[in-house]
Amino acid sequence: MNILVTGGAGYIGSHTCVELLNNNHNVIVVDNLSNSKKEAINRVEAITNKKVKFYEIDILDKRGLDLVFKSNTIDAVIHFAGLKAVGESVEEPLKYYQNNITGTLVLMDIMKRHNVKKIVFSSSATVYGMNNVSPLTEELPLSTTNPYGTTKMYIERIIRDTYQADNEWSGTLLRYFNPIGAHHSGTIGEDPKGVPNNLMPFITQVAVGKREKLSVFGNDYDTHDGTGVRDYIHVVDLAKGHLKALEFTMKNKTIEAINLGTGVGYSVLDMVDTFRVATNTKVPYQIIDRRPGDIATCFADTKKAKELLDWETEKNLADMCRDSWRWQSDNPEGY
Ligand code: NAD
Ligand code: WQD
């Protein structure tokens, strides 16, 4: 099939492009490179020995996007493009609503005009808000604690309402838990700008000597060692989940929200320890105050993904640590 991947130069998008190409799909990427580099696409091509059709376009650019649909026969869209920094979204809510929500409205309008009505969307476990009832199941009520999360919740709603009005649409709303790791080649991976917000890129930057030590945000949570517990998922497992979701979306005229996680939670200190053993690299750390907005525990109920997508994760936490480390140590400055 011909798949349009918005945000395909980004962390999860680039790994998904590899899986799509390896499964003989044609890949068309639209990315404005606001949080990524074109080099990621070159490396996807090197890994797969296949070509990606790349357009440096903003999804807010109606005319540009329209041209992409006019110049290509597109069967379905995997929609990754979006801004994702929780803290920044609190500082600049309009930027987030404009980019993520208006961007999706423009995209879906152009899709409709060209009669492309299949979409796989990058949602997030953040739509479960402060719900402290892990394993989190898809039918829980949604709530959010920051504008970033609110964009995900609204976009899910927009896709559902579009389907209500026209049952020719179908969509899968993938709620990712905590993606980490990298392609085993070590040539593509997560390349955060500035100080990383997320745990794993912070750990690898400490390990490579770019930062002095990790700050652990609180050790007084109600968890086995007091530090926050999350469901870390290998980005290659996640990327494979998109292929399964794509198959499902092509076959079923419905909208389904589906968790993509492992169903197992690890604490911050479990992460530090597994990283040390798996990579033989120490990560000095200090305990500091809790980060506002964090919850103690968050992990997925994975039954729906198994049942509807026939998908399960294959990689364990040590694999994730090793692969994150290979990417970081081979590319200390990123792309
Ligand atoms: P990323 O920033 O690496 O990738 C997003 C890509 O979208 C970037 O290449 C960026 O340049 C592009 N982009 C942003 N706005 C655009 C626009 N207006 N037009 C065109 N391109 C645009 O992020 P990622 O980690 O790969 O995340 C991909 C998606 O998954 C995002 O929607 C994110 O919100 C969601 N998600 C990520 C995580 C995570 O922890 N990484 C968790 C849950 C959900
Ligand atoms: C994981 C754990 C921290 C950094 C975020 C978004 C969520 C989703 C995934 C997009 C927590 C602790 C972290 C550090 C630490 N993204 N930590 N020191 O908060 O679960 O989820 O990314 O949709 O929306 O909120 O991930 O990696 O930031 O934190 O102690 O320097 O590590 O407190 O327990 P989080 P994270």
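Ligands are counted one by one from 1 in listed order, and the atoms in each one are counted from 1 as well. Just so you know, these numbers come straight off a predicted model, no measurement behind them.
With hydrogens left out, the protein atom closest to atom 25 (O) of ligand 1 is Lys84 NZ, 2.8 Å, a heavy atom. Summary of contacts: the protein heavy atom closest to atom 29 (C) of ligand 1 is Phe80 O, 3.3 Å. At the top of the distance list for atom 34 (O) of ligand 1, counting protein heavy atoms only, stands Tyr148 OH, 2.6 Å. Of the protein's non-hydrogen atoms, Asn32 N, 3.2 Å is the one closest to atom 20 (C) of ligand 1. Here the heavy atom of the protein found nearest to atom 15 (C) of ligand 2 is Phe217 CD1, 3.4 Å.
Listed by first and then second residue, the side chain to side chain donor-acceptor pair (under 3.5 Å) pairs that reach into residues 189-203 come to none, sequence neighbours excluded.
At a 4.0 Å heavy-atom cut-off, ligand 2 touches Leu214 through the side chain alone.
Under the side-chain hydrogen bond (donor to acceptor under 3.5 Å, both in side chains) criterion, Thr249 pairs with Thr172, not counting sequence neighbours.
Of all the listed residues (Gly7, Ser123, Ser14, Gly82), Gly82 holds the heavy atom that lies closest to atom 14 (C) of ligand 1.
Counting the atoms of ligand 2 from 1 in the order shown, those under 4.0 Å from a heavy atom of Asn197 are 4 (C), 28 (O). Remark: ligand 2 atoms within the under-4.0 Å shell around heavy atoms of Val86 are 6 (C), 25 (O). Here is the list of ligand 2 atoms found below 4.0 Å of a heavy atom in Val268: 12 (C), 30 (O), 32 (O), 34 (O). With ligand atoms numbered from 1 in the order given, ligand 2 contributes 14 (C), 15 (C), 18 (N), 30 (O), 31 (O) to contacts under 4.0 Å with heavy atoms of Ser215.
Using a 4.0 angstrom heavy-atom cutoff, Leu60 does not count as in contact with ligand 1.
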